[in-house]
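Just so it is clear, the values below take in all heavy atoms, side chains as well, and ignore hydrogens, waters and symmetry mates.
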Amino acid sequence: MPFQLTPERDKHADELFTRYPTKRAVCIPLLHLCQEQNGWVSDDVIEYVATRLGLSTAQVKGVVTFYTMFHQRPVAPNVVWVCRTLSCEIRGGKTIQEHLEKRLGCHAGETSADGKFSLRKAECLAGCGQAPMLQLNDELYENLTLAEVDRIIDAVAAKTPTQAAPAASHAAAAKE
Amino acid sequence: MSTIDTTCLLTDRYALADSFTYAVAEKAGAYATARKVLTGMQPDAIKAEVKAANIRGRGGAGFPAGVKWGFLPPPDPNKPVYLVINADEGEPGTFKDRTIMEKDPHRLLEGCIIAMRAIGAHTTYIYVRGELVTSIKRLEQGIRDLRAKGVLGKRPFGIDHAMDIHVHPGGGAYICGEETSLLNSLEGYRGEPRLKPPFPAVSGAFGMPTIVNNVETIASVPDILKLGGAAWSALSRLPNDGGTRLYGVSGHVKNPHVFEGPVGLTLREMIDLCGGMLDASRPLKGVIPGGSSTPVLRPDDLVHAPDAAHPLHAWHGKSHLDVPMGVDTMRNLGTMLGTCCAIVMDSSVNMVEAARNLMRFYHHESCGQCTPCREGTGWLAEICDRIADGHATEADVELLVDVSNNMMGNTICALADGTAMPMLAFVRKFRGEFLAAAREGGVKNGRLDQAVVPLLGGRAA
């Protein structure tokens with residue numbers, strides 16, 4: 001079935017078009033809105049955005065592939081980005097990531113065995129003074145310790161229903 | 001050492017409870033200056049104050065903001081002027097603009113209102129890094145509140161100058177902090193930088209005259225108008241580089257954080273203000289003064305300026321860390337002020353590994369448009385890997401220099417230069433470490449975080 005925004009998001013999208021002198025400028029905000037609903041930017045989403053903006057799918061795909069925030073394959077309901085750039089790295093970024101890999105049972109670029117978390121390495125997330133830090137969904141968590149990481153993961157895992165076997169996305173995501 | 005004056009202007013509302021809300025900010029003085037300026041000053045007078053303030057752009061390039069505003073062509077009813085705020089904070093080591101957007105978004109919004117009046121713009125786009133969700137939410141709430149109060153709308157403070165502000169989320173790309181790449185991204189394209197000229201002031205967002213300013217630059221505008229340009233400028237310790245600014249320190253200090261101070265603090269003062277080094281047993285080894293694109297400095301390098309006419313003569317014989325941080329002083333030192341957010345590295349850091357970490361970053365973030373950058377960043381990362389992993393010869397160290405020199409000045413934007421300059425500085429200032437790694441079969445302990453693992457409550461794997 002073709003992708004459609006929910007009525008509420010659709011209204012938000014209409015409002016986005018009033019902000020800019022061109023339709024195309026809505027591209028990135030609209031992609032964010034679609035990904036928020038769909039979890040990732042599927043071919044159906046690209047088709048939808050292209051139609052709505054009067055662009056070709058190739059033009060939209062060109063935008064999607066340029067930016068790291070758009071998931072080009074399905075991801076777990078929770079995405080953990082661990083900052084690995086210098087300021088974090090010298091304050092423990094690698095240790096945080098290794099702990100998460102052990103804890104979630106997957107490497108960076110993969111999805112955890114229970115399907116609840118996708119683990120990613122991130123470049124600088126503007127939290128250098130509060131290193132080490134990570135981003136989990138929309139929240140930045142800073143001044144991390146391993147105990148703090150466990151507490152954060154426990155809290156989010158408890159709120160996330162167990163996911164269907166993620167095997168397909170598991171292998172595909174590892175290639176990213 | 002004289003006491004360090006940490007005047008709070010820009011940050012004077014940071015500590016208030018719910019400082020990000022309209023009610024709290026307004027009660028603490030927000031929009032009083034905007035009201036006075038909009039109802040009592042003509043645009044040219046506002047521009048004159050900003051010029052007199054000598055404010056150097058806070059995004060990294062250090063261009064005088066007042067001069068930039070002067071580049072706009074004469075008003076043309078068919079060519080709306082746009083104000084675009086660069087809030088794509090992503091330079092490694094830099095975390096200052098986020099504090100403004102999260103703790104005092106109304107200072108930025110007030111700055112936008114005054115700036116729009118000055119440059120004749122009716123619309124502002126604040127391009128915020130997509131990852132900074134809290135910043136985006138607080139700015140959007142602030143804008144909604146301003147619309148409800150009529151501060152944004154057809155007649156702000158009763159004057160005939162319609163104004164609106166929109167937040168535009170980015171998609172996650174370091175290069176979009178480059179102003180023309182940001183404009184392409186704002187227009188819904190891939191964030192690839194544009195050739196200049198034309199400069200944005202002539203043909204920017206949507207082909208219209210556009211002023212692109214950093215968050216902190218515009219957030220300083222209310223204080224400049226409140227104090228008067230000359231008085232604000234005089235807060236600085238340096239000439240031609242006025243006011244107070246945000247300083248950030250990350251890395252191996254006791255209390256890494258962002259704070260405000262007069263322009264011209266030294267790196268040593270910055271480290272002192274952050275509680276000194278993290279561990280007294282591990283001395284300072286190097287400091288990256290203003291974001292990862294600025295060449296690293298060594299505490300044991302001394303200023304050599306015996307000639308009285310040399311701009312750094314006053315600091316002849318002193319450590320590089322005792323030179324005041326200013327756009328011009330840092331340039332004369334062979335580095336850059338950048339974003340004024342320093343990364344402090346102690347003796348536990350292997351500089352080959354540090355360089356490798358940054359080269360990976362630039363390789364990841366090169367937009368791929370220009371060959372010297374796309375290929376050069378990749379090769380620098382690969383050669384650093386080879387040296388660190390023990391598959392290199394001493395000639396590879398020279399190859400780092402050669403590749404860097406072939407990147408500089410050969411690309412559309414400054415990302416290639418911002419990669420090559422720090423690479424060259426790492427090799428020049430820590431050559432022994434690079435040669436040793438090449439000769440002795442790699443870096444023995446490649447972990448950059450070995451020394452801090454106990455602080456995290458765990459042991460390295």
Side-chain angles (χ1 to χ4, degrees), chain A residues 16 19-32 53 55 59-60 62-70 81 83-96 98-99 101-102 121-132 135 137-140 144-149, chain B residues 80 89-95 97-98 125 129-134 164 166 168-174 185-192 206 208 248-252 256-258 288 292 341 343 345 348-349 354 357-358 361 364-365 367 447-449 451-453 455-458 460-461:
Chain A
L16 287 175
R19 298 184 182 185
Y20 308 93
T22 66
K23 273 162 96 177
R24 180 156 188 161
V26 178
C27 191
I28 291 173
L30 186 60
L31 282 166
H32 277 302
L53 300 182
L55 299 173
Q59 284 169 311
V60 176
V63 173
V64 170
T65 54
F66 191 86
Y67 299 96
T68 54
M69 288 181 76
F70 299 123
W81 298 88
C83 178
R84 295 293 307 276
T85 314
L86 192 58
S87 290
C88 276
E89 198 66 359
I90 63 177
R91 292 296 297 243
K94 187 167 184 167
T95 304
I96 298 294
E98 285 168 348
H99 183 73
E101 288 182 344
K102 229 180 285 173
K121 283 188 206 175
E123 298 294 0
C124 189
L125 289 166
C128 317
Q130 302 85 1
Q135 178 165 23
N137 302 331
D138 284 353
E139 294 289 327
L140 303 179
L144 296 172
T145 59
L146 300 187
E148 181 69 5
V149 171
Chain B
E89 181 160 66
E91 176 79 9
T94 305
F95 55 110
D97 294 338
R98 213 186 111 203
Y125 296 106
R129 251 190 105 160
E131 290 93 336
L132 302 183
V133 178
T134 304
D164 207 356
H166 303 291
H168 185 94
Y174 166 73
S185 183
L186 172 67
E187 291 182 26
Y189 292 85
R190 293 163 68 85
E192 288 166 349
F206 310 105
M208 298 299 160
V249 183
S250 64
H252 293 140
H257 69 297
V258 167
I288 298 175
S292 64
C341 285
I343 306 175
M345 296 177 282
S348 69
V349 173
N357 180 284
L358 292 180
F361 170 83
H364 184 261
E365 300 298 341
C367 83
R447 288 190 78 96
L448 285 167
D449 63 353
V452 301
V453 170
L455 299 179
L456 304 173

Minimum heavy-atom distance B/Phe95-A/Cys128, with the two atoms named: CD2-CB, 3.5 Å
Proximity breakdown for A/Leu144 and chain B, heavy-atom pairs closer than 4.5 Å: backbone
Which bit of A/Glu123 is near chain B, if near means a heavy-atom gap under 4.5 Å: side chain, backbone, both or neither? both
Counting heavy-atom pairs under 4.5 Å with chain A, the top scorer among B/Asn357, B/Val133, B/Val249, B/Val452 is B/Asn357
Interatomic distance, SG@A/Cys88 vs CG@B/Leu448, rounded to 0.5 Å, equals 12.0 Å
Which value, rounded to the nearest 0.5 Å, describes the distance between A/Leu146 atom CG and B/Leu455 atom CG? 11.0 Å
Counting only non-hydrogen atoms closer than 4.5 Å, does B/Leu186 touch chain A with its backbone (N, CA, C, O), its side chain (CB onward), both, or neither? both
With side chains defined as the heavy atoms from C-beta onward, is the minimum distance between B/Pro256 and A/Arg91 less than 4.5 Å? yes
Distance in Å, B/Arg447 CZ paired with A/Glu98 CD, rounded so as to fall on 0.5 Å steps: 4.0 Å
Specify the closest pair of heavy atoms between A/His32 and B/Gly171, including all atoms of both residues, with the distance to one decimal. NE2-CA, 4.0 Å
To the nearest 0.5 Å, how far apart are CD1 in A/Ile90 and NE2 in B/His252? 4.5 Å
If you take all heavy atoms of B/Gly188 and A/Val63, which pair is closest and at what distance? O-CG2, 3.4 Å
Considering only heavy atoms from C-beta outward, does the side chain of B/Glu131 approach that of A/Leu140 to under 4.5 Å? no
Among B/Gly248, B/Gly191, B/Ser292, B/Cys367, the residue with the most heavy-atom pairs under 4.5 Å to chain A is B/Gly191
Max heavy-atom pairs within cutoff under 4.5 Å with chain A, candidates B/Arg129, B/Glu91, B/Glu89, B/Met208, goes to B/Arg129
Pick whichever of B/Gly90, B/Pro92, B/Ser348, B/Ala173 has the most heavy-atom pairs under 4.5 Å with chain A. B/Pro92
Distance from A/Glu148 atom CD to B/Leu456 atom CG, nearest 0.5 Å? 12.0 Å
Which atoms of B/Phe206 are under 4.5 Å from chain A, going by heavy atoms: the side chain, the backbone, both sets, or neither? side chain
How about A/Tyr67 and B/Ser185: do any of their side-chain heavy atoms sit closer than 4.5 Å? yes
What part of B/Glu365 gets within 4.5 angstrom of chain A, counting heavy atoms only: side chain, backbone, both, or neither? side chain
Spacing of B/Met345 atom CE and A/Ser87 atom OG [to the nearest 0.5 Å]: 9.0 Å
Any donor and acceptor pair, going by atom type alone, linking the side chain of B/Tyr125 with main-chain N or O of A/Arg19 inside 3.5 Å? yes
Sorted by chain and number, sequence neighbours left out, side chain to side chain donor-acceptor pair (under 3.5 Å) with A/Thr65 holds for B/Arg190
Honestly, the part of A/Gln59 sitting under 4.5 Å from a heavy atom of chain B is neither
Most contacts with chain B, counted as non-hydrogen pairs under 4.5 angstrom, among A/Leu16, A/Leu30, A/Thr68, A/Leu31: A/Thr68
State which residues pass side chain to side chain donor-acceptor pair (under 3.5 Å) with A/Tyr20; sequence neighbours excluded, sorted by chain then number. B/His168
